[in-house]
Amino acid sequence: MVPKVPEHVNLNGVGFDQFEEKSLERTFLAIKPDGVQRGLVGEIISRFEAKGFALVGLKLVQVSRELAESHYDVHRERPFFADLVNFIISGPLLAMVWEGDGVIASARKMIGATNPLNAEPGTIRGDFAVSIGRNIIHGSDAPETAQKEISLWFKDEELVSWESTAKAWLVE
Ligand code: DAT
Ligand code: MG
């Protein structure tokens with residue numbers, strides 16, 4: 001479907017067919033209990049909205065131990081696993097799915113390095129955190145993990161497909 005563009009917008013003869021066929025990428029992001037408790041939910045959502053990504057799923061969850069363990073299954077053998085799981089279930093977490101071109105890698109950049117002391121200023125961890133065990137936010141690291149995590153955290157009917165009217169101003 002060709003996005004509607006206000007008539008006064010001069011497209012210079014360039015049509016939208018270049019991105020019509022692209023299927024939009026989705027990623028799973030979660031504001032961990034420290035981010036929720038510290039009142040950073042609005043600030044963090046604002047950053048992804050302002051960047052130009054679209055929210056397609058959102059829920060506040062009191063995470064079960066089982067879900068936390070499945071989510072971090074790849075880290076099961078690591079020495080920090082038990083503390084990590086206990087932290088994730090220690091308070092409400094905001095589970096989100098965001099959509100947009102390149103959103104998986106871009107969100108990881110916006111989140112910053114795993115250890116907040118190595119995270120660049122301007123990134124979420126670089127701006128708001130000091131400790132690896134309290135690093136505010138999770139983001140899927142690749143297309144396969146994004147897909148796996150989205151289906152682990154959300155039912156299909158909890159995700160809303162919609163097209164922002166701002167899209168014509170975001171992608172040329
Ligand atoms: P990321 O969250 O940047 O994808 P990861 O997947 O390597 O990082 O690890 C998952 C989480 O586990 C991370 O956000 C914080 C915790 N963690 C990782 N390495 C750790 C360590 N060495 N000590 C304590 N916690 C750690
Ligand atoms: Mg990871």
Side-chain angles (χ1 to χ4, degrees), residues 22-156 158-161 170:
K22 263 191 219 164
S23 68
L24 278 171
E25 193 173 295
R26 288 181 173 180
T27 195
F28 172 73
L29 304 181
I31 303 179
K32 298 178 184 181
D34 54 340
V36 175
Q37 294 287 355
R38 291 179 52 203
L40 293 170
V41 160
E43 163 72 39
I44 291 169
I45 289 177
S46 288
R47 290 185 176 212
F48 294 102
E49 271 192 318
K51 172 75 173 170
F53 296 130
L55 189 57
V56 297
L58 177 75
K59 62 181 175 185
L60 191 68
V61 192
Q62 180 58 60
V63 183
S64 67
R65 183 171 294 278
E66 188 190 3
L67 176 55
E69 287 181 353
S70 305
H71 174 75
Y72 281 123
D73 193 51
V74 291
H75 297 307
R76 204 173 277 274
E77 305 305 326
R78 309 285 286 276
F80 56 81
F81 182 73
D83 286 347
L84 177 60
V85 167
N86 285 330
F87 164 54
I88 291 298
I89 67 174
S90 66
L93 167 153
L94 195 74
M96 302 181 282
V97 177
W98 286 86
E99 183 178 85
D101 289 343
V103 68
I104 299 170
S106 179
R108 291 282 295 188
K109 278 196 166 184
M110 291 169 70
I111 287 169
T114 304
N115 184 341
L117 294 180
N118 298 330
E120 294 295 327
T123 64
I124 294 165
R125 287 168 175 167
D127 286 349
F128 300 119
V130 292
S131 167
I132 196 166
R134 297 288 183 272
N135 64 4
I136 307 272
I137 180 167
H138 166 84
S140 307
D141 60 9
E144 306 74 52
T145 43
Q147 220 168 36
K148 211 164 128 188
E149 290 171 0
I150 290 168
S151 55
L152 178 67
W153 288 84
F154 284 89
K155 297 178 189 141
D156 281 351
E158 290 177 317
L159 300 177
V160 179
S161 292
L170 287 164

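For ligands, and for the atoms within them, numbers begin at 1 and follow the listed sequence. Small disclaimer: the values here were computed from a predicted structure and weren't measured.
Distance check: Ser70 OG to Arg76 CZ gives 7.0 Å after rounding to the nearest 0.5 Å.
Atom CD of Gln147 sits in a sparse spot, with 12 or fewer heavy atoms from other residues, nucleotides or ligands closer than 6.0 Å. Open room surrounds NZ on Lys51; 12 or fewer heavy atoms of other groups in view lie less than 6.0 Å from it.
For Thr114, the side chain to side chain contact (heavy atoms under 4.5 Å, CB included) partners at least two apart in sequence or on another chain are Arg125, Ile132, Asn135. For Phe48, the ring pair (Phe, Tyr, Trp, His ring centres under 6.0 Å) test picks out Trp98, with sequence neighbours left out.
Listed as neighbours of ligand 1 are Lys32, Tyr72, His75, Phe80, Leu84, Arg108, Thr114, Arg125, Ile132, Asn135, each bearing a heavy atom under 4.0 Å from the ligand.
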Counting only pairs under 3.5 Å, give me each side-chain donor-acceptor contact of residues 78-90, with atom names and distances, residues two or more places apart or in other chains.
unit_1 : atom_1 : unit_2 : atom_2 : d
Arg78  : NH1    : His75  : ND1    : 3.3
Asn86  : OD1    : Arg65  : NH1    : 3.1
Asn86  : OD1    : Arg65  : NH2    : 2.9
Asn86  : ND2    : Ala82  : O      : 3.2
Ser90  : OG     : Phe87  : O      : 2.6

